[in-house]
Novice: 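Mind looking over this structure? Questions follow.
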Amino acid sequence: MTKTPLLAGTLLTLAAAPALAQDVPPAAQDDVLKIGLIYTLSGPAAALGEQARDGFMLAAEQMGDIGGMETEIITVDDEQRPDLAADRARELVQREEVDFVVGPIFSNILVAIHQPVTETGTILISTNAGTSNFAGAECHPNFFVTSYQNDQNHEVMGAYAQQQGYQNVFLMAPNYQAGQDSLAGFKNSYTGGVAGEVFTELGQLDFSSELAQIAAFQPDALFTFMPGGMGVNLVKQYDQAGLSSIPFLSAFTVDETTLPATQDAAVGLLGGQNWAPDLDNEANAAFVEAFIEKYDYVPGTYAMQAYDAAQLIQSAVQKLDGDLTDRDALRAALKEADFDSPRGDFSFGVNNYPVQDFYLVEAVKRDDGRYATSIREKIFDDYVDTYAELCDMQ
């Protein structure tokens, strides 16, 4: 397998280009499988992108030539900037002529790159961001998701809060698409009262004002979505503010990307996920063991979902014997999702978003001294997102 890194410093930025007329990209007509990875690999959220990149590259290394084709993987950093991400997606499709674009982490980046990729006939596989619009009326046959619809992990926590009988929950998320989806998801399965609802700036690291409000309101619980460095700072500041008596419920806030920094301050905190490293199945045990051996840290959902994206590509390319020119056949092969996911149950719904199980997880300190999430109970079984009925694909 040939790995060709395309670093931010060497990547030329293109102006917006008109849509290509053909549905069969030039890349599909050669004998080299080219895959472009676009992730946030710098700044406070770099750990999320690094997890995803490492998960994909682990699978690619295990496979060798993916689907039996000579394989080239190009990695770019979106720097968490939508305008830059759109330019780099165009670069991957138009100049590098990749067959697949894989990524990104953040939903505002997904919104920026979706059209530049899918309108050319190139397949876009999101391994994390799963916005509601692309799950529903704006679903697209060239767009597949190996993660979830954004609302779903938050719906786990809404269902848990409902189960616990909470009647006064404080809600907090950053003000962008995924943050808005998170609170909508929580309220999809929670019918109790809301003590307060706050949207912070994306990238905010000082939560003293919000924590003062929580202390004043004394809610039954806090529900929050704060990925990456935002989550690290919030968990530490929550602990330092002496608010640990108020249950801390979250998604993408207490996970394998933040636990190495929060450590004991996060132990016992609960989250909603579609997987955890200790999920009991053979494929997962092999994945986690191989990941830790190679990278010396515990994989999170970002890594697992990217690992599955590589498996998805492999499964489709094998079915087609490397012939990617028949786009309907390629989309059908991808739709079959013929691989063993570390999460267990996995299939695609009508909108090309996963149908899968979801869990309540708890942050723990493992016997080896590492911090991770652990399955506490299954909340949803084979769960189809609530937007799929709005998608008119067959």
Side-chain angles (χ1 to χ4, degrees), residues 39-52 80 104-109 128-129 147-148 150 152-154 156-157 160 169-183 185-186 198-211 213-214 221-241 243-244 246-277 297-305 360-365 370-374:
Y39 288 120
T40 301
L41 298 170
S42 57
L48 285 63
E50 290 165 358
Q51 281 247 2
Q80 209 175 339
I105 296 296
F106 287 90
S107 291
N108 56 342
I109 303 297
N128 192 62
S147 52
Y148 39 69
N150 281 354
Q152 291 180 301
N153 289 288
H154 312 291
V156 169
M157 301 316 296
Y160 175 75
V169 179
F170 192 96
L171 309 179
M172 184 166 63
N175 191 18
Y176 77 118
Q177 183 68 54
Q180 295 158 17
D181 285 349
S182 71
L183 299 195
F186 183 86
V198 173
F199 285 103
T200 68
E201 291 185 13
L202 181 61
Q204 181 172 319
L205 298 176
D206 181 0
F207 297 95
S208 55
S209 175
E210 291 79 11
L211 295 178
Q213 291 183 58
I214 295 169
L222 164 70
F223 169 73
T224 187
F225 159 67
M226 289 288 168
M230 294 182 292
V232 170
N233 280 31
L234 177 60
V235 168
K236 289 181 176 179
Q237 291 167 25
Y238 197 82
D239 182 59
Q240 292 163 0
L243 295 174
S244 58
I246 300 173
F248 186 106
L249 313 179
S250 70
F252 310 105
T253 306
V254 178
D255 63 20
E256 285 70 23
T257 66
T258 60
L259 283 167
T262 54
Q263 299 191 356
D264 290 343
V267 169
L269 300 185
L270 301 176
Q273 292 181 179
N274 58 351
W275 168 89
Y297 69 89
V298 181
T301 54
Y302 305 97
M304 179 276 293
Q305 292 160 173
L360 179 72
V361 302
E362 180 178 1
V364 299
K365 187 174 183 179
R370 293 183 169 98
Y371 295 82
T373 55
S374 176

Novice: What heavy-atom pair brings Gly272 and Ala251 nearest, and what distance separates the two atoms?
Specialist: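 Shortest heavy-atom contact: O-CB, 3.9 Å.
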Novice: Using 0.5 Å steps for rounding, measure from the CG atom of Asp255 to the OG atom of Ser250.
Specialist: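 It is 8.0 Å, given to the nearest 0.5 Å.
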Novice: Which distance, rounded to the nearest 0.5 Å, do you find between the CZ of Phe248 and the CG of Leu270?
Specialist: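 Here the interatomic distance stands at 10.5 Å.
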Novice: Are the side chains of Phe199 and Met172 in touch, meaning some heavy atoms are under 4.5 Å apart?
Specialist: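 Counting from C-beta outward, Phe199 and Met172 never come under 4.5 Å.
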Novice: For a 4.5 angstrom cut-off between non-hydrogen side-chain atoms, does Glu256 reach Pro277?
Specialist: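 Contact flag for Glu256/Pro277 side chains = yes.
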Novice: Heavy atoms, side chains only, cut-off 4.5 Å: are Val254 and Leu259 in contact?
Specialist: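 Yes, their side chains come closer than 4.5 Å.
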Novice: Calculate, to the nearest 0.5 Å, the distance between atoms CG and CD1 belonging to Asn128 and Ile105 respectively.
Specialist: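 Going from the CG atom of Asn128 to the CD1 atom of Ile105 covers 4.5 Å.
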Novice: Nearest 0.5 angstrom please: Gln177 CD to Phe106 CZ, how far?
Specialist: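 Going from CD on Gln177 over to CZ on Phe106, the span is 14.0 Å.
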Novice: Would you call the rings of Tyr148 and Phe252 parallel, tilted or perpendicular, where under 30° means parallel and over 60° means perpendicular?
Specialist: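 The arrangement is tilted - the two ring planes meet at 30° to 60°.
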Novice: State the CG-CD distance between Asp239 and Gln263, to the nearest 0.5 angstrom.
Specialist: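 If I round to the nearest 0.5 Å, the distance is 12.5 Å.
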Novice: Could you check Met226 against Thr200 for side chain to side chain contact (heavy atoms under 4.5 Å, CB included), going step by step and ending with a plain yes or no?
Specialist: CA-CA 10 Å; Met226 289 288 168; Thr200 68; 3.3 Å; yes
Novice: Please lay out, stage by stage, how Tyr371 and Thr262 fare under the test side chain to side chain contact (heavy atoms under 4.5 Å, CB included).
Specialist: CA-CA 9 Å; Tyr371 295 82; Thr262 54; over 6 Å; no
Novice: Can you measure from CG (Leu243) to CD1 (Ile214) and round to the nearest 0.5 angstrom?
Specialist: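 Here the interatomic distance stands at 6.5 Å.
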Novice: Looking at Thr224 and Thr253, what are the two nearest heavy atoms and their distance?
Specialist: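 That would be O-OG1, 3.6 Å.
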Novice: Do His154 and Leu183 have side-chain heavy atoms sitting under 4.5 Å apart?
Specialist: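 Counting from C-beta outward, His154 and Leu183 never come under 4.5 Å.
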Novice: For a side chain to side chain contact (heavy atoms under 4.5 Å, CB included) check, start with the C-alpha distance between Val169 and Phe186, then their side-chain angles and the critical distance, and finish with the verdict.
Specialist: CA-CA 10 Å; Val169 179; Phe186 183 86; 3.9 Å; yes
Novice: Are Gln180 and Asn175 close enough, and set up right, to give a side chain to side chain donor-acceptor pair (under 3.5 Å), and what steps lead you there?
Specialist: CA-CA 7 Å; Gln180 295 158 17; Asn175 191 18; 3.2 Å; yes
Novice: Are the side chains of Asn274 and Gln152 in touch, meaning some heavy atoms are under 4.5 Å apart?
Specialist: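 No, their side chains stay 4.5 Å or more apart.
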Novice: Report yes if the side chains of Glu362 and Leu269 come closer than 4.5 Å at any heavy-atom pair, otherwise no.
Specialist: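 No, side chains not in contact.
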Novice: Kindly give the heavy-atom pair with the smallest separation between Arg370 and Tyr297, and that separation in Å.
Specialist: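 In this case the closest contact between Arg370 and Tyr297 is NE-CA, 4.3 Å.
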Novice: So, do Phe170 and Phe223 have ring centers that fall under 6.0 Å from each other?
Specialist: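 No, the ring of Phe170 stays outside the 6.0 Å limit from the ring of Phe223, centre to centre.
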Novice: Which atom pair, heavy atoms only, marks the closest approach of Leu211 to Ala241?
Specialist: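 Taking every non-hydrogen atom into account, CD1-CB, 4.3 Å.
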Novice: Please find the pair of heavy atoms, one from Gln80 and one from Ala45, that lie closest to each other, and give the distance.
Specialist: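 Nearest pair, atom of Gln80 first, then Ala45: OE1-CB, 3.6 Å.
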Novice: Any side-chain heavy atom of Lys365 sitting closer than 4.5 Å to one from Asp264?
Specialist: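 Touching, per the 4.5 Å side-chain cut-off.
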Novice: Side chain to side chain contact (heavy atoms under 4.5 Å, CB included), that's the test. Do Leu202 and Met230 meet it? Break it down for me.
Specialist: CA-CA 8 Å; Leu202 181 61; Met230 294 182 292; 3.9 Å; yes
Novice: Looking only at heavy atoms, which two atoms of Ala178 and Ser107 are closest? And how far apart?
Specialist: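 Smallest interatomic distance, heavy atoms only, reads CB-OG, 3.4 Å.
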Novice: Using a 4.5 Å cut-off on heavy atoms from C-beta on, say whether the side chain of Ser147 contacts that of Trp275.
Specialist: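 The answer is no; the side chains never approach within 4.5 Å.
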